[in-house]
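It should be emphasised that the depicted structure is a prediction, and the values quoted were computed from it without experimental measurement. Worth knowing before you read on, the calculation uses all heavy atoms, side chains too, and leaves out hydrogens, waters and symmetry mates. Chain letters run A, B, ... following the sequence lines, proteins first, then strands; residues in each count from 1.
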Protein chains: 2
Amino acid sequence: MHFNKLINTIKERRENLKVNQENLAKLSGVGLRTLKQFESGKGNPTLQTIQKIADVLGLEVCLKVKTEITNEDGKNSL
Amino acid sequence: MHFNKLINTIKERRENLKVNQENLAKLSGVGLRTLKQFESGKGNPTLQTIQKIADVLGLEVCLKVKTEITNEDGKNSL
DNA sequence: CACAAAAGTGCATTACACCGCACTTTTGTA
DNA sequence: TACAAAAGTGCGGTGTAATGCACTTTTGTG
């Protein structure tokens, strides 16, 4: 399972805010090990973990209707 | 931790599509017990579990910037 | 109300998320 | 290139998510 989109959003947001993993871990209350694992594309985090991280970054988890058309590569056309 | 917004989105979407928990469980590959637990607001599902369910319902998990203003009750003003 | 379908719960097992610690690798800047 | 900060990884303990099964409760329709 690939969470690349979510991961990149988190990672980019964190970097834009000039926060390193260590500080984000402390601010969010998520273990540094867990955060590292998530950002490096390994784990399968729980919703709670994602929420904690997103919250500190001023993001929120949401569900939107999939309306996008994907091409044969499975990548978005947009 | 309250995932009410996510839960309601899933539940409403499922009901609009006239699918019961049992079929959604089968279609998504998520255990019925897990789905029930999630929809009844108990558990703390993993991202993979949410993705599987959302996928079947034509939804996708995303992160958006929190721009909403909250009042002193911590509830959205909107 | 009566009954059936759907939703919710208790229990037990298995797998794995979370986490700290110590270490290696990568990145970026002088 | 040399060095420090940041990012990534192996190990191992603890807690809990995922799951099936059997049961109870709720919902909705005649």
Expressed as a whole number of angstroms, how long is the span from [X]:[atom1] to [N]:[atom2]?
{"X": "B/Asn20", "N": "D/dT27", "atom1": "CG", "atom2": "C1'", "answer": "13 Å"}
{"X": "B/Ile10", "N": "C/dA7", "atom1": "CD1", "atom2": "P", "answer": "14 Å"}
{"X": "A/Gln48", "N": "D/dA17", "atom1": "CD", "atom2": "C1'", "answer": "12 Å"}
{"X": "A/Lys52", "N": "C/dA17", "atom1": "NZ", "atom2": "P", "answer": "16 Å"}
{"X": "B/Glu22", "N": "C/dG8", "atom1": "CD", "atom2": "C1'", "answer": "14 Å"}
{"X": "A/Leu47", "N": "C/dC18", "atom1": "CG", "atom2": "P", "answer": "11 Å"}
{"X": "A/Leu32", "N": "C/dC18", "atom1": "CG", "atom2": "C1'", "answer": "12 Å"}
{"X": "B/Lys42", "N": "C/dC11", "atom1": "NZ", "atom2": "C1'", "answer": "15 Å"}

Distance test, side-chain N/O of [X] to OP1/OP2 of [N], below 4.0 Å:
{"X": "B/Thr49", "N": "D/dA18", "result": "yes"}
{"X": "B/Thr46", "N": "D/dA18", "result": "yes"}
{"X": "A/Gln21", "N": "D/dG8", "result": "yes"}
{"X": "A/Lys36", "N": "D/dT9", "result": "no"}
{"X": "A/Ser40", "N": "D/dA7", "result": "no"}

Rounded to the nearest 0.5 Å, how far does CG of A/Asn20 lie from CZ of A/Arg14? 7.0 Å

Can you name the nearest heavy-atom pair linking B/Gly31 to B/Ala25, along with the distance? C-CB, 4.2 Å

Specify the closest pair of heavy atoms between A/Phe38 and A/Ile53, including all atoms of both residues, with the distance to one decimal.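 Heavy-atom minimum between the residues: CD2-CD1, 4.4 Å.
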
Under 4.0 Å between any heavy atoms, over every strand shown, what does B/Thr34 touch: base, sugar-phosphate, or nothing? Just pick one. base

Residue met sooner reading DNA chain D from 5', once A/Val19 and B/Ile50 are mapped to nucleotides: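 It is A/Val19, whose closest nucleotide lies nearer the 5' terminus.
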
Quiz question: going by heavy-atom distance under 3.5 Å, is there a donor-acceptor pair between the base of D/dG10 and the side chain of A/Arg33?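 Such a pair is found, so the answer is yes.
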
Ignoring hydrogens and geometry, is there a side-chain-to-backbone donor-acceptor pair from A/Asn8 to A/Asn4 under 3.5 Å? yes

A/Lys11 side chain to A/Glu39 backbone, donor-acceptor under 3.5 Å: yes

Step by step, would you call B/Gln21 with B/Lys36 a side chain to side chain donor-acceptor pair (under 3.5 Å)? CA-CA 7 Å; B/Gln21 292 178 336; B/Lys36 283 173 178 298; 3.0 Å; yes

Contact check, side chains of B/Asn44 and A/Thr49, non-hydrogen atoms, under 4.5 Å: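 In short, these two side chains do not touch, never coming nearer than 4.5 Å.
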
Are any non-hydrogen side-chain atoms of B/Leu57 and B/Leu17 less than 4.5 angstrom apart? yes

Nearest-nucleotide pick for B/Gln37, side chain only, options being C/dC19, C/dA6, D/dT19: D/dT19

Can you figure out which of D/dT19, C/dG8, D/dA6 approaches the side chain of B/Val30 most closely? D/dT19

Ranking B/Asn44 and B/Glu39 by the position along DNA chain C of their nearest nucleotide, the one closer to 5' is B/Glu39

Axis-to-axis angle between the two ends of the helix from C/dC1-D/dG30 to C/dA30-D/dT1 (five base pairs per end, rounded to 10 degrees):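 So the angle between the two local helix axes works out to 70°.
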
